[in-house]
Peer 1: 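Next up is a structure, given as structure tokens.
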Amino acid sequence: METREKILTIAMDQFARLGVRYVTVDDIARAAGVSKKTIYQEFKDKAQLVLEAFKNKMLEDQEFFMNLYDENQGAIWHFVEVSKYIRSRFSNINPVVFSEIQRYYPSCWKLFEDFRQNCAIKTISDVLEKGKKEGYFRPEIDANILALVRMDQIASTFDSEKFPPSKFNVMEVQMAIMDHFIHGILTDKGRELFYKINNQD
DNA sequence: TACCGT
DNA sequence: AACGGT
């Protein structure tokens, strides 16, 4: 693997496990088997290293969500799969990372926000409309409003002030909120399918 | 690796 | 004192 990629991979791994501020540039250099000089040849400073590392991960996520959307297996299926992915993906991330990024790495945080605004919310709204057409979601729901609501719900899951990791398990919160949201929009026909999808694995 | 500034 | 940066 190329030096730059190796640094990014190892950095991301350590950031996720231990927190961005806990991991020093010296730690990363040691773990990657390179000198600090090499790191600073590739990256201007630690902030840029953080930015690039998270950007890579977010591009992976974006690709996953695109593929999910393109698979086109129905609105309920889509919501269930997204919830699963978020649970698996973020169960390996130390919850302190979110508040660290928000506080100390604003350009990196902006990346998250842009992704939510430009990509996630539109997709959710589309899927809500699709579910209405399929007859699985109640026809009277407002897709644009509920897309924003849903996005806020997902984001709140990672808010360690609202859900302190000492008292809450991110995965359980994620599932509870998902369940509540979807039950608020299902038709009777949708509820049947939802139970069916949930019991098949 | 040693070192400096914060 | 510890860590980013040279």
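Lettering follows sequence order; numbering is per chain, from 1. Basis for what follows: all heavy atoms, side chains included, without hydrogens, waters or symmetry-related copies.
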Peer 1: Are A:Tyr40 and A:Val25 side-chain neighbours, meaning at least one heavy-atom pair lies under 4.5 Å?
Peer 2: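 Yes - at least one pair of side-chain heavy atoms lies under 4.5 Å apart.
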
Peer 1: Send over the distance from A:Tyr22 OH to C:dG4 P, rounded to a whole Å.
Peer 2: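 One finds 13 Å between P of C:dG4 and OH of A:Tyr22, rounded.
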
Peer 1: Report the hydrophobic cluster partners of A:Val173, with the cluster defined as I, L, V, M, F, W, Y residues connected by side-chain heavy atoms closer than 4.5 angstrom, directly or transitively.
Peer 2: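 Answer for A:Val173: A:Phe163, A:Phe168, A:Ile177.
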
Peer 1: Could you state the CZ-C1' distance from A:Arg30 to C:dG4, rounded to the nearest angstrom?
Peer 2: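 Roughly 14 Å, once rounded to whole Å.
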
Peer 1: Grab the NZ-C1' distance between A:Lys44 and C:dG5 for me, whole Å please.
Peer 2: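 Distance check: A:Lys44 NZ to C:dG5 C1' gives 12 Å.
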
Peer 1: Ring-plane angle category for A:His183 and A:Tyr195, please: parallel below 30°, perpendicular beyond 60°, tilted otherwise.
Peer 2: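 The arrangement is tilted - the two ring planes meet at 30° to 60°.
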
Peer 1: Quick one: what's the B/S/- string for nucleotides 1-6 of chain B, heavy-atom cutoff under 4.0 Å, read 5' to 3'?
Peer 2: ------

Peer 1: Relative to each other, are the rings of A:Phe98 and A:Phe158 parallel, tilted or perpendicular (30° and 60° limits)?
Peer 2: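 Taking A:Phe158 first and then A:Phe98, their aromatic rings lie parallel (interplane angle under 30°).
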
Peer 1: What's the spacing between A:Ile124 CD1 and A:Leu146 CG if we round to 0.5 Å?
Peer 2: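 Answer for the CD1-CG pair, A:Ile124 versus A:Leu146, is 10.5 Å.
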
Peer 1: A:Arg21 has an atom CZ; how far is it from atom P of C:dG4, in whole Å?
Peer 2: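 Atom CZ in A:Arg21 sits about 9 Å away from atom P in C:dG4.
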
Peer 1: In whole angstroms, how far is the C1' atom of C:dG4 from the OH atom of A:Tyr104?
Peer 2: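 Result: 15 Å.
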
Peer 1: Are A:Tyr85 and A:Phe65 an aromatic pair by the rule of ring centers under 6.0 Å?
Peer 2: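 Ring centroids of A:Tyr85 and A:Phe65 are less than 6.0 Å from each other.
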
Peer 1: Calculate the interatomic distance between A:Gln48 atom CD and C:dG4 atom P; express it in whole Å.
Peer 2: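 Those two atoms, CD and P, are 15 Å apart.
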
